[in-house]
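Predicted model, so just to flag it, every value in this text is computed and none were measured.
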Number of protein chains: 2
Amino acid sequence: MANSITIIELAAALGLSKSTVSRAFRGNNDINAATKERILKKAEELGFSPNLYASNLRGSKSSTIAIIIPEFGNKFFSQAIKGIELIARNNDFHVLVYVTDHSADKEAAIIRTLVNGRVDGVIMSGSGEGKSHQYLKLLKKHNLPLVFFDRYYEDINTICVTGNDFESSYLATSHLIENGCKKIAYLAINKNVSIGKIRMDGYAKALSDGGIKFDEQLTLDTSNDAEINYRDIEQLIKEQSPDAIFASVERLAISTLRVTKTLGIHIPDQIKLICFSCLEIADMLSPALSVVKQPAYEMGKKATEYLFEIMRGNREADIQEVLFLESDLIFQESSQKKLTK
Amino acid sequence: MANSITIIELAAALGLSKSTVSRAFRGNNDINAATKERILKKAEELGFSPNLYASNLRGSKSSTIAIIIPEFGNKFFSQAIKGIELIARNNDFHVLVYVTDHSADKEAAIIRTLVNGRVDGVIMSGSGEGKSHQYLKLLKKHNLPLVFFDRYYEDINTICVTGNDFESSYLATSHLIENGCKKIAYLAINKNVSIGKIRMDGYAKALSDGGIKFDEQLTLDTSNDAEINYRDIEQLIKEQSPDAIFASVERLAISTLRVTKTLGIHIPDQIKLICFSCLEIADMLSPALSVVKQPAYEMGKKATEYLFEIMRGNREADIQEVLFLESDLIFQESSQKKLTK
DNA sequence: GTGAAAGCGCTAACAC
DNA sequence: GTGTTAGCGCTTTCAC
């Protein structure tokens, strides 16, 4: 580590006691302004700053939170982190970032490194949905508050900030139906877990309300891997000939665009497409992509604000509470009948 | 912080001394295997893990590095962070993330919070190019190694991993010339600083070699703000009528696309366009966008590997050394003459 | 192989 | 307003 000088050396250089020097670095005003000035000046000169670990050991606080996310792949997570970092910085907190690559095991391993005082709270988008989450008990055991955003675990009692996905999916699917689609495929990374499931529920409800029978064959449960999902989507299109595709995550829509391009299938004439995405340039794609756009930045900010409320004792932890932020539905070329007949 | 139990309580619960318990958590094998087993089991049961701040205070190490970047806006930085996080995790290090919003003052403030032992090293893409960087002396004073990626400061002696921007710019500009362009505009956020400058130098050299006179009027120095750069680009196009635009950062190319769309200017027929960008779906834009694609992920990994080498004492710090990673030039529709005449 | 004890650098009573 | 002192929880000699 740094070859820093200690508070004792600084005190000696000034002919003061270390407590006086210490006071110069705390907020309290139980110190002569001139002395403080003198101390800070000398500190600057000698390159002294109070050792963080000694301070934290005394004070039992870290002023640090952790973000744990499954991946860094898309705009959604980078926007969310941006929001989290902003709120943290406004509160003079530091932000540790961890990526699990969608592995619940890695998530558990990361959690274990956090409960030794490293952080005062955790913001997470879950990677191991559908699995056991015993390891999260560890956080509770250490009184560390947890706030979920986007992807949460239903068996964990805490706050979650997410999108109004059921409604958005319902509306997106209804929109496809209104545009004449009858065989609407649903693509998910994992349709048994929170976002995959809720989004499918909205889709299913819209079908039902639109008088269309839900067909398991038209739903695809694929992987995060681009090659695999490309193959899966290609197969689905060839075998089922859907007239529309609703992708629950951006990556699957991109793969769909690539597949249709290769197969020479025209969007939206032959297949209409809509997806969840935070892409800023959806309107500049060819075709312009219809999207359900989640407020990722807002979501990150809101989740972090809640975390701070809990850490300050102004809000109950341990209560299962889901806050829904509204997504924007942006209908563009990819999902609509040609306006010019 | 966490209401954890201490090593003393754990020792008491086991009828052992705290030194023995401590040993169970260190790597050394100066402890009976059975005792160790018993201790770890009890620790698990009671939810004990050694207090990080006490350990670090004794050991003078943080196992943490910091990333400081100007923004989170584009794929480049999220890819780079992904690479950094990966290497850090492989080395059992933690990663703190800081965003400066392109403010050198914020950068300085962040640096000041890092020199108290919080981190063992820093990876940074500079925000305050062209300004004074005295505050970075602080890192040196505390023996904290620094590695730059992408945007570096020429007055600071340390390693930097960046793209071969001069060559890429030269080639991109030459490509425009080969496609018949004579009035090629250059767009930058700040043309007086490392990336803005080097990329412009490559552009200027290509013009010169192509027998085209460099025209200051055709270079634009605009802002990070989308609205402002939209206006600036619109003005440039209207006043100068360039037949090609070379954007040194992705955002300016996106704005250019929006401006030309609004003005009804066809790309590539009326204006050809190429830019630096890490967009994965550049080929799906309309028109498919020609790009200089930097190896962002690789850059993050490489920079972090260097940082670890320095931290381990296997590499000299304090040496101005720039490692260039090769970018891909991907020429697509936006920059080329129609192949079908 | 285990225990006793010193001390990492700092903060916060408590005295003066 | 400043100094003295105890101790945060842990690691690591040094004995035994």
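- A straight line from CD of B:E9 to P of D:dC8 spans 11 Å, rounded to a whole angstrom.
- Looking only at atom types and distance, the side chain of B:S78 has no donor-acceptor partner in the side chain of A:S78 under 3.5 Å away.
- Using cut-offs of 30° and 60° on the angle between ring planes, the pair B:Y153 and B:H133 is parallel.
- Axis angle, first five pairs versus last five pairs of the helix from C:dG1-D:dC16 to C:dC16-D:dG1: 30°, rounded to 10°.
- Among the protein residues, A:S22 comes within range of the nucleic acid bases, having at least one heavy atom under 4.0 Å from a base atom.
- Straight-line distance from the NZ atom of B:K61 to the C1' atom of D:dC10: 11 Å, rounded to whole Å.
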Donor-acceptor pairs are to be reported for all side-chain atoms of residues 8-24 of chain B against protein atoms at under 3.5 Å, with residues two or more places apart or in another chain.
unit_1	atom_1	unit_2	atom_2	d
B:E9	OE2	B:T6	N	2.8
B:E9	OE2	B:T6	OG1	3.4
B:S17	OG	B:S19	N	3.4
B:S17	OG	B:S19	OG	3.2
B:S17	OG	B:T20	N	3.4
B:S17	OG	B:T20	OG1	3.2

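- The closest side-chain donor-acceptor pair between B:N91 and B:R312 falls under 3.5 angstrom.
- Aromatic pair B:Y306/B:F149: ring centres not closer than 6.0 Å.
- Whole-Å rounding puts the A:K36 NZ to D:dT2 P distance at 12 Å.
- Between A:D101 and A:K106 there is a salt bridge, with a side-chain nitrogen of the basic residue lying less than 4.0 Å from a carboxylate oxygen of the acidic one.
- The list of salt bridge (charged side-chain N to carboxylate O under 4.0 Å, His left out) pairs with a residue in residues 152-163 of chain B, not counting sequence neighbours, reads B:E154-B:K197.
- Taking the centre and axis of the six-membered ring of A:F72, the NZ or CZ atom of B:K82 falls outside the cone set by 45° and 6.0 Å.
- Taking every heavy atom of both residues into account, B:S127 and B:A104 meet most closely at CB-N, 4.4 Å.
- Heavy atoms of B:L57 sit under 4.0 angstrom from at least one base atom.
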Sort me out a list of protein N/O and nucleotides 4-7 of chain D N/O pairs below 3.5 Å, or just none if empty.
unit_1	atom_1	unit_2	atom_2	d
D:dT4	O4	A:S19	OG	3.0
D:dG7	N2	A:R58	NE	3.4
D:dG7	N2	A:R58	NH1	2.7

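- Atom CG in B:D30 sits about 10 Å away from atom P in D:dT13, given to the nearest Å.
- Under the side-chain hydrogen bond (donor to acceptor under 3.5 Å, both in side chains) criterion, A:R89 pairs with A:E85, sequence neighbours left out.
- Counted within 6.0 Å of CD on B:E37, heavy atoms from surrounding residues, nucleotides or ligands total 12 or fewer; the atom is thus considered open.
- Atom CG of A:L16 and atom P of D:dG1 are 14 Å apart (whole Å).
- B:N32 comes within contact range of the sugar-phosphate backbone alone, with a heavy-atom separation under 4.0 Å but no base atom that close.
- Rounded to an integer number of Å, the gap from B:R26 CZ to D:dG9 P is 16 Å.
- Rounded to whole angstrom, the span from the CG atom of A:L14 across to the C1' atom of D:dG3 amounts to 15 Å.
- Running 5' to 3' along DNA chain C, contacts with non-hydrogen atoms of chain B at under 4.0 Å begin and end at C:dG1 to C:dG9.
- Counting any heavy atom pair closer than 4.0 Å across all strands shown, A:S55 reaches sugar-phosphate atoms only and no base atom.
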